[in-house]
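Note that the coordinates shown come from a computational prediction; the quantities given were computed from them, not determined experimentally.
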Number of protein chains: 2
Amino acid sequence: MTEPAPPPDTAQRMRHAALHLFARHGYAAVSMRQIAAEVGVQVGALYNHIPDKQALLFQLLSEHMTELLQAVAAEDLSHAPLAALEGFTRFHIRHHAARPEAVFISYMELRNLDAANFALLEEQRQAYETRLRMILEAGQADGSMRMADARVATRAIIAMLTGITTWFRDSGGLSLGEVEEIYWEMVRRLVAG
Amino acid sequence: MTEPAPPPDTAQRMRHAALHLFARHGYAAVSMRQIAAEVGVQVGALYNHIPDKQALLFQLLSEHMTELLQAVAAEDLSHAPLAALEGFTRFHIRHHAARPEAVFISYMELRNLDAANFALLEEQRQAYETRLRMILEAGQADGSMRMADARVATRAIIAMLTGITTWFRDSGGLSLGEVEEIYWEMVRRLVAG
DNA sequence: GTCTATATGATGATAGAC
DNA sequence: GTCTATCATCATATAGAC
């Protein structure tokens with residue numbers, strides 16, 4: 001009746017190890033041998049699960065963006081613009097604070113993707129940005145928000161919020177809930193009508 | 001009467017080439033041979049000007065931070081807090097927009113410094129942050145600004161402003177002066193008393 | 001200061017045994 | 001699916017001639 005012990009699942013352990021090591025040392029500075037050592041196999045074994053190192057990086061970044069888009073799509077859009085903006089702000093903070101390593105390499109390692117892979121991710125990134133921009137433009141339209149340039153405000157807000165991952169630690173002086181409150185107040189003022 | 005042609009100045013050309021290549025491909029992904037090829041010398045010649053690759057990276061980042069601190073120290077501090085904040089905002093945008101590559105590697109390549117070099121730069125970074133935080137706290141004290149947490153607001157503003165370098169291009173739709181206006185308006189609202 | 005040549009070791013990826 | 005062994009290449013850094 002007991003479940004059989006799950007297999008070691010080398011593929012997943014490899015992705016996990018690569019995420020940690022890429023975040024700490026950078027994609028180019030991490031060798032396949034280091035990843036294999038972290039997983040507990042020899043280097044040749046990794047190539048049963050991934051065609052090459054580049055594909056491993058792309059898989060990590062692609063999974064991160066897909067997960068982000070799926071999660072934001074699940075947010076309720078039926079609110080008035082200001083409430084939608086609050087929802088987006090709190091969602092973005094929670095989602096990014098929960099995966100600082102994936103956020104970090106998604107920004108840092110784009111250079112190491114080939115052109116085709118880069119284009120795929122850039123498209124997803126823009127789709128996410130558009131989600132926020134639509135909220136801001138709806139707020140402009142119904143008069144609940146006021147700003148000089150919705151595109152610029154979109155980028156400013158995302159940069160401000162994502163920057164949290166560079167300093168926020170669970171062990172720090174502020175809880176994530178407190179950070180959420182502080183940032184929502186700043187975002188609210190930024191677009192005040 | 002004419003000036004003699006200046007010497008090729010390999011040391012400076014090396015730093016210039018390294019800045020471009022590190023920004024484009026990342027420190028770990030760039031070889032000393034690539035740098036030498038960009039300068040137009042053989043790889044051995046570089047080691048007459050730098051003890052090793054790590055020192056080359058540190059020199060670039062250290063020069064960038066020292067230049068930033070010197071430039072901000074030259075700003076006039078005699079203004080009221082709101083005027084000082086406007087001065088800081090415009091200074092930060094102009095200074096960073098003028099050197100996007102140095103900004104980029106200063107953020108990306110900190111991981112590749114050894115502990116001692118990292119500590120030196122972190123100290124300088126905090127000194128810069130403190131400059132802005134003092135302005136915000138002065139504004140809180142005299143009632144011209146209002147915010148939940150000056151430390152958090154400091155980081156939020158710097159992240160928001162530095163993010164400009166990731167998308168601003170001279171050839172784009174907005175002039176730097178227009179960007180300055182838009183961001184100063186957003187910063188002003190963010191701390192509105 | 002720059003060159004050529006080299007020491008020494010690590011890298012990504014593959015082949016074939018088990 | 002993992003192992004050992006290996007290929008071919010590239011890396012940083014140095015030595016000594018000019």
Side-chain angles (χ1 to χ4, degrees), chain A residues 4-62 105 108-118, chain B residues 4-61 105 108-109 111-118:
Chain A
D9 204 349
T10 298
Q12 192 173 340
R13 290 162 56 79
M14 173 187 68
R15 284 192 292 273
H16 195 247
L19 180 69
H20 281 288
L21 289 168
F22 290 170
R24 184 177 297 271
H25 305 291
Y27 169 78
V30 172
S31 69
M32 295 298 279
R33 280 169 178 78
Q34 281 177 271
I35 297 170
E38 187 89 355
V39 174
V41 296
Q42 294 302 310
V43 63
L46 296 182
Y47 289 90
N48 289 316
H49 305 278
I50 205 81
D52 53 31
K53 193 184 173 190
Q54 160 86 197
L56 179 52
L57 175 63
F58 177 70
Q59 198 171 94
L60 293 176
L61 302 193
S62 177
I105 70 169
M108 308 283 270
E109 306 297 358
L110 288 173
R111 313 176 279 196
N112 291 303
L113 294 174
D114 59 42
N117 285 343
F118 177 83
Chain B
D9 202 350
T10 298
Q12 192 174 339
R13 290 162 56 79
M14 174 187 66
R15 285 191 292 273
H16 195 247
L19 179 70
H20 281 287
L21 289 168
F22 289 170
R24 184 176 297 268
H25 305 291
Y27 169 78
V30 172
S31 69
M32 295 297 278
R33 279 173 177 76
Q34 280 176 273
I35 297 170
E38 187 88 355
V39 174
V41 297
Q42 294 302 310
V43 64
L46 296 182
Y47 288 91
N48 291 315
H49 305 279
I50 204 81
D52 53 30
K53 193 185 173 190
Q54 159 88 195
L56 179 54
L57 175 63
F58 177 69
Q59 197 170 97
L60 292 176
L61 301 194
I105 68 168
M108 310 282 270
E109 306 296 357
R111 312 178 280 196
N112 291 302
L113 294 174
D114 59 42
N117 284 342
F118 177 83

>> Does A/Arg111 form a salt bridge (charged side-chain N to carboxylate O under 4.0 Å, His left out) with B/Glu109? I'd like the steps, not just the answer.
In response: CA-CA 13 Å; A/Arg111 313 176 279 196; B/Glu109 306 296 357; 3.4 Å; yes
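Less than 4.0 Å separates DNA chain C from at least one heavy atom of each of the following residues of residues 33-41 of chain A: A/Arg33. Residues from residues 12-24 of chain B lying near DNA chain C, meaning a heavy-atom separation below 4.0 Å, are absent.
In this entry the distance linking CE of A/Met32 with P of D/dC3 reads 14 Å, nearest Å. The distance from atom CD of B/Gln42 to atom C1' of D/dA15 is 16 Å, rounded to the nearest whole Å. Rounded to an integer number of Å, the gap from NZ of B/Lys53 to P of D/dT14 is 15 Å. The interatomic distance linking A/Leu46 (CG) with D/dT4 (P) rounds to 13 Å, in whole Å. Taking atom CD of A/Gln54 as the reference point, atom C1' of C/dA13 lies 15 Å away to the nearest angstrom. For the pair A/Leu56 CG and C/dA13 P, the interatomic distance rounds to 10 Å; values are reported in whole Å.
Looking at every heavy atom in both residues, B/Leu56 comes nearest to B/Arg15 through CD1-CG, 4.2 Å. Of all non-hydrogen atoms in B/Ala18 and B/Ile35, the two that sit nearest each other are CB-CD1, 4.1 Å. Between B/Met14 and B/Ile50, the shortest heavy-atom distance links the atoms CE-CB, 4.0 Å. In plain terms, the two heavy atoms of A/Val30 and A/Leu21 that are nearest each other are CG2-O, 3.4 Å.
OP1 and OP2 of C/dA10 both lie 4.0 Å or more from every side-chain N or O belonging to A/Ser31.
Annotation: ring-ring contact (aromatic ring centres under 6.0 Å, His included) contacts involving residues 25-54 of chain B, sequence neighbours excluded, comprise B/Phe22-B/Tyr27.
Here the side chain of A/Gln34 pairs a donor or acceptor atom with the backbone of A/Ser31 at under 3.5 angstrom.
A 4.5 Å side-chain heavy-atom check between B/Gln54 and B/Asn117 finds at least one atom pair inside the cut-off.
Comparing C/dT4, D/dC3, D/dA13 against the side chain of B/Tyr47 picks out D/dA13 as the nearest.
At most 12 non-hydrogen atoms from other residues, nucleotides or ligands lie less than 6.0 angstrom from CD of A/Gln12.
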